[in-house]
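Structure, as structure tokens:
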Protein chains: 2
Amino acid sequence: MEDEVDRLVAAWRRERPDLDVEPLEVLSRVSRLARHLDRARRLAFSEHGLEPWEFDVLTSLRRAGAPYQLSPGQLLTQTLVTSGTMTNRIDRLAKKGLVERLPDPSDRRGVLVRLTPEGRDRADQSLAGLLAQERAILAQLSQGQRGDLAALLRRLTAPFDNIPG
Amino acid sequence: MEDEVDRLVAAWRRERPDLDVEPLEVLSRVSRLARHLDRARRLAFSEHGLEPWEFDVLTSLRRAGAPYQLSPGQLLTQTLVTSGTMTNRIDRLAKKGLVERLPDPSDRRGVLVRLTPEGRDRADQSLAGLLAQERAILAQLSQGQRGDLAALLRRLTAPFDNIPG
DNA sequence: AATATATATCTTGATGTCAAGATACTCGAT
DNA sequence: ATCGAGTATCTTGACATCAAGATATATATT
């Protein structure tokens with residue numbers, strides 16, 4: 001089936017036949033799909049009273065395992081936002097009682113962010129909902145295709161994640 | 001090579017062995033890669049004095065072909081933002097002299113947004129820069145792999161683009 | 001022709017994000 | 001011990017985005 005990127009690429013080939021726009025076949029689809037996923041997630045989380053950014057922070061802490069705490073810096077690399085944004089997010093989550101800030105015992109510059117029991121529950125509940133939604137989206141592909149897709153994407157994400165991006 | 005999503009998935013399997021987190025192998029990579037691309041684009045465009053959102057609007061109009069005009073509604077489906085955001089974007093681009101607003105002759109509710117000659121030049125220049133950057137990112141894959149990846153992604157984007165998403 | 005429904009765009013107010021810089025602490029070199 | 005460079009977090013101010021609703025016009029139904 002045709003998608004919006006097929007139309008976009010066809011338009012460029014008509015308007016700029018001198019350019020090779022093949023890269024857009026992959027990367028425009030990545031960007032557009034991410035935006036669609038954002039919208040879908042926003043809808044899914046609103047049933048749990050969570051914003052997507054709240055989910056991102058809470059589940060990062062949840063994944064860390066007991067006692068569910070990370071430094072703001074570790075949260076940055078997981079969520080790919082700037083430090084100012086993370087300070088703001090932590091403030092708001094703390095005000096809602098989903099995380100708390102503790103002094104880092106080994107570095108007095110530092111802070112540790114810890115999930116509260118309620119924060120942990122919210123993370124667990126909404127993860128299950130997200131996975132159900134994602135499974136529905138991925139039903140377009142066979143299991144083998146999903147594996148292929150994941151492997152191809154990994155080749156593109158790895159340089160960003162490993163080089164100091 | 002391992003990426004951040006490999007670590008993320010491993011962490012979930014340790015913390016929540018009861019859940020099947022396979023969907024994250026694909027969709028978390030899509031979301032994270034899109035964020036990396038956003039950052040890279042912001043950097044690339046700043047050399048041309050353009051923001052990513054400006055690029056998105058200008059190139060949508062450029063692709064439309066002479067006389068380079070679309071309705072705000074058509075721009076919405078291409079850029080996946082809300083109508084309020086688009087009004088705001090058009091205002092700012094008009095103030096910079098890159099687009100102009102014209103009344104739609106066939107529908108008095110409507111408006112047409114048209115690229116100015118300078119807007120067209122800026123779109124053309126920055127497109128070439130973007131393609132160069134994207135080619136470098138995609139050098140991780142062979143041509144055949146890029147084709148496979150595009151085809152797999154299309155299966156996921158097509159439902160969003162065709163059903164009234 | 002009159003009315004109801006649908007459509008296209010804009011306005012508003014709240015909120016989230018970013019870039020840049022400030023602050024406070026650590027650690028290695030002298 | 002002291003200095004200087006590096007690191008971790010926070011603050012600030014400008015700006016972009018969204019959701020919801022307002023306004024004006026078009027189109028379908030009777």
Side-chain angles (χ1 to χ4, degrees), chain A residues 31 34-43 45-47 49-58 69-96 99-114 164-165, chain B residues 31 34-43 45-47 49-58 69-96 99-114 164-165:
Chain A
S31 294
R35 276 197 74 70
H36 286 305
L37 291 174
D38 258 4
R39 290 178 161 192
R41 263 197 286 261
R42 184 179 304 274
L43 209 63
F45 290 147
S46 69
E47 297 169 14
L50 275 188
E51 300 291 323
W53 64 263
E54 295 178 299
F55 176 85
D56 287 342
V57 176
L58 297 180
Q69 60 190 24
L70 292 172
S71 71
Q74 290 173 307
L75 287 170
L76 290 189
T77 68
Q78 302 227 3
T79 54
L80 300 176
V81 297
T82 61
S83 69
T85 298
M86 187 52 69
T87 298
N88 191 4
R89 287 183 175 187
I90 296 166
D91 286 347
R92 284 174 277 153
L93 286 170
K95 198 169 293 181
K96 288 178 74 169
V99 307
E100 55 191 342
R101 253 190 260 251
L102 308 170
D104 182 338
S106 67
D107 183 341
R108 256 188 295 185
R109 290 170 302 184
V111 171
L112 290 175
V113 182
R114 172 145 55 178
Chain B
S31 295
R35 276 195 77 68
H36 286 304
L37 292 173
D38 259 3
R39 290 178 160 193
R41 262 197 285 261
R42 184 178 305 273
L43 209 63
F45 290 147
S46 68
E47 298 168 16
L50 275 188
E51 301 290 324
W53 64 262
E54 294 178 298
F55 176 85
D56 287 342
V57 176
L58 296 180
Q69 59 189 25
L70 291 173
S71 70
Q74 290 173 308
L75 287 169
L76 289 190
T77 68
Q78 302 226 4
T79 54
L80 299 176
V81 296
T82 60
S83 69
T85 298
M86 187 52 68
T87 298
N88 191 6
R89 288 183 175 187
I90 296 166
D91 287 347
R92 284 174 279 153
L93 286 170
K95 199 169 293 180
K96 287 179 74 170
V99 306
E100 55 190 342
R101 253 189 258 250
L102 308 171
D104 182 337
S106 67
D107 183 341
R108 260 189 292 187
R109 289 169 306 182
V111 171
L112 289 176
V113 182
R114 172 145 55 177

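Chain letters run A, B, ... following the sequence lines, proteins first, then strands; residues in each count from 1. Only this structure's heavy atoms are used, side chains among them; waters, hydrogens and symmetry mates stay out.
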- Any N or O donor-acceptor pair linking the side chain of B:S83 to the base of C:dC10 at under 3.5 Å?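 Yes.
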- Base C:dT7 paired with B:R109 side chain (donor-acceptor, <3.5 Å): yes
OP1 or OP2 of [N] sitting under 4.0 Å from any side-chain N/O of [X]?
X	N	value
A:R108	D:dT9	no
A:T85	C:dC18	yes
A:R92	C:dG16	yes

- Item | Pairwise distance CG(A:L75) to CG(A:D56) - rounded to 0.5 angstrom | 10.5 Å
Can you figure out which of [options] approaches the side chain of [X] most closely?
X	options	answer
A:V81	D:dC10, D:dC18, C:dC18	C:dC18
B:T87	C:dA8, D:dA16, C:dT11	C:dT11
B:R89	C:dT17, D:dT17, D:dC18	D:dT17
A:D107	D:dA26, D:dT9, C:dT26	C:dT26

- Quick one: on DNA chain D, does A:R35 or A:I90 contact a more 5' nucleotide (nearest heavy atom)? A:I90
- Task: Specify the residue among A:V111 and A:R42 whose closest nucleotide of DNA chain D lies further upstream toward the 5′ end.
- Result: A:V111
- Counting distance only, does the side-chain N/O of B:T85 pair as donor-acceptor with the main-chain N or O of B:V81 below 3.5 Å? no
In whole angstroms, how far is the [atom2] atom of [N] from the [atom1] atom of [X]?
X	N	atom1	atom2	result
B:D104	D:dA26	CG	P	10 Å
A:N88	D:dA14	CG	P	17 Å
A:K95	C:dG16	NZ	P	11 Å
B:Q74	C:dT9	CD	C1'	14 Å
A:L76	C:dT17	CG	C1'	13 Å
A:R101	D:dC10	CZ	P	5 Å
A:M86	D:dC10	CE	P	11 Å
B:E54	D:dC15	CD	C1'	12 Å

- Query: So, A:D38 and A:R35, do they make that salt bridge, N to O below 4.0 Å?
  - Reply: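 No salt bridge links A:D38 with A:R35.
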- A:E54 bridged to A:R89 by N-O distance under 4.0 Å: no
- Closest-nucleotide 5' rank along DNA chain C - winner of A:E51 and A:G84: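 Per heavy-atom nearest nucleotide, the more 5' residue is A:E51.
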- Message: Quick check with a 6.0 Å cut-off and a 45 degree axis cone: is A:R42 positioned over the face of A:W53's six-membered ring?
- Response: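 No.
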